[in-house]
Protein chains: 2
Amino acid sequence: MDNTASYSELLKLKGLKNTKHRNSVLKVVELSEQPISAEQIYFNLKESNVSVNLSSIYRILETLVNKNIVIKTNLTVTNKALYEFNFQIHKHHLICSGCKKMLSIEGCPLEDYEKTLQEKSGFSITGHSLEIYGYCNDCKNNYKS
Amino acid sequence: MDNTASYSELLKLKGLKNTKHRNSVLKVVELSEQPISAEQIYFNLKESNVSVNLSSIYRILETLVNKNIVIKTNLTVTNKALYEFNFQIHKHHLICSGCKKMLSIEGCPLEDYEKTLQEKSGFSITGHSLEIYGYCNDCKNNYKS
DNA sequence: TTAGTTGCAAATCGTTTGCATCAAG
DNA sequence: CTTGATGCAAACGATTTGCAACTAA
């Protein structure tokens with residue numbers, strides 16, 4: 001999914017107008033190795049000489065999130081929202097408290113747990129957010145207390 | 001831990017000055033059944049005729065978080081920070097997407113998982129944040145799509 | 001006495017909104 | 001043509017900061 005046509009199709013499929021800016025934002029988000037902020041998207045596009053207003057980026061992201069094409073996250077550390085492409089593969093992130101780099105972890109340790117919890121709590125469980133924190137190999141030694 | 005003396009001791013133990021306002025904030029946070037926002041703390045204190053400036057509350061919370069006396073959380077849904085007393089009992093929250101009520105879940109499904117992950121990833125894992133979303137019994141039926 | 005704490009007002013930062021213009025269907 | 005998308009500037013809400021006055025140690 002790295003050619004422009006497929007973004008157009010995706011948008012059409014979800015009942016959204018196929019605009020240049022939506023395509024651009026989608027591309028940046030999809031190709032980003034890590035969840036990315038609205039501002040980062042803005043500058044990233046600027047570097048490619050694509051000028052999109054920051055508020056438009058927020059609006060585009062909002063619609064993409066509503067359509068479940070993009071996932072929005074809020075980390076305790078950053079206090080700004082991060083966005084990532086929804087590849088439909090359930091995964092989590094391992095975040096380095098030193099350099100803030102994020103590693104994707106595929107596979108989820110919570111599937112069985114949620115079923116049990118659903119029965120015990122009476123909640124109808126729809127999802128979860130899990131982030132794991134630590135220090136990566138590079139940062140391990142710089143943060144010894 | 002619901003008497004004033006123990007808050008003073010806790011502060012002293014952590015090398016913090018024992019001030020009235022810190023005691024008040026600690027008390028509100030500790031007695032709150034759910035993670036609570038700075039603003040909620042502010043109004044809660046106001047009702048008890050304790051006047052603390054909102055910016056002081058933020059500063060107090062910051063120091064308490066740094067000393068690991070209080071835990072800060074950021075939910076994707078609310079976009080404001082919530083604070084809870086660190087009882088040292090590891091637990092998570094089950095959050096109703098309807099009425100936003102939060103249930104505490106004790107026990108953690110991740111302990112073994114983290115050990116494995118630590119070996120596989122080379123990260124030195126320090127902790128995690130997990131929130132589980134769903135609809136509670138009361139809200140289940142109001143949100144059928 | 002001195003370093004750390006607080007109140008107050010102003011600044012900051014991420015995000016949202018109103019409105020006029022523009023482009024996709 | 002019509003509805004929805006965008007740019008721009010201004011508004012917003014949560015949080016932070018500078019500074020002077022104060023208080024715990």
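Computed from a prediction, not measured in an experiment: that's the story for all the values here.
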[X] [atom1] to [N] [atom2], straight-line distance once rounded to whole Å:
X	N	atom1	atom2	value
B/Leu54	C/dT5	CG	C1'	16 Å
A/Tyr42	D/dG7	OH	C1'	11 Å
A/Glu9	C/dG25	CD	P	13 Å
A/Leu26	D/dA5	CG	P	14 Å
B/Gln40	D/dG13	CD	P	16 Å
A/Leu61	C/dT17	CG	P	15 Å
A/Lys80	C/dG14	NZ	P	5 Å
A/Asn79	C/dG14	CG	P	7 Å

Touch class at under 4.0 angstrom, heavy-atom based, for B/Ser37 against every strand present: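 Answer is nothing: B/Ser37 stays at 4.0 Å or more from every strand.
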Sugar-phosphate only, base, or nothing, as touched by B/Thr63 at under 4.0 Å among non-hydrogen atoms: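 It contacts nothing in the nucleic acid.
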Side-chain donor/acceptor of B/Thr126 to backbone N/O of A/Tyr133, under 3.5 Å: yes
Proximal nucleotide (of C/dC19, C/dG7, D/dT15) relative to the B/Asn53 side chain: C/dG7
Least distance between heavy atoms, B/Lys14 atom then B/Lys67 atom: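 Heavy atoms only, the tightest pair is NZ-O, 3.0 Å.
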Presence of A/Ser56 side-chain N/O under 4.0 Å of D/dG7 phosphate oxygens OP1/OP2: yes
Contact under 4.0 Å: A/Tyr58 side-chain N or O vs C/dT16 OP1/OP2: no
Side chains of A/Lys101 and A/Asp138 in contact at under 4.5 Å (non-hydrogen atoms):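 Yes - at least one pair of side-chain heavy atoms lies under 4.5 Å apart.
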Heavy-atom side-chain contact between B/Ile60 and B/Leu26 under 4.5 Å: no
Test applied, side chain to side chain donor-acceptor pair (under 3.5 Å); reference residue, B/Tyr7; option that passes from B/Lys12, B/Glu30, B/Lys27: B/Glu30
First encountered from the 5' end of DNA chain D, between A/Ser55 and B/Arg59: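 The residue mapped nearer the 5' terminus is A/Ser55.
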Pair A/Ser37, A/Gln40: side-chain N/O donor-acceptor within cut-off below 3.5 Å: yes
Distance-only donor-acceptor check, side chains B/His92 and B/Glu106, under 3.5 Å: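 No.
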For DNA chain C, the residues among residues 11-22 of chain A that have a non-hydrogen atom under 4.0 Å from it: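 Close to the strand are A/Lys17, A/Asn18.
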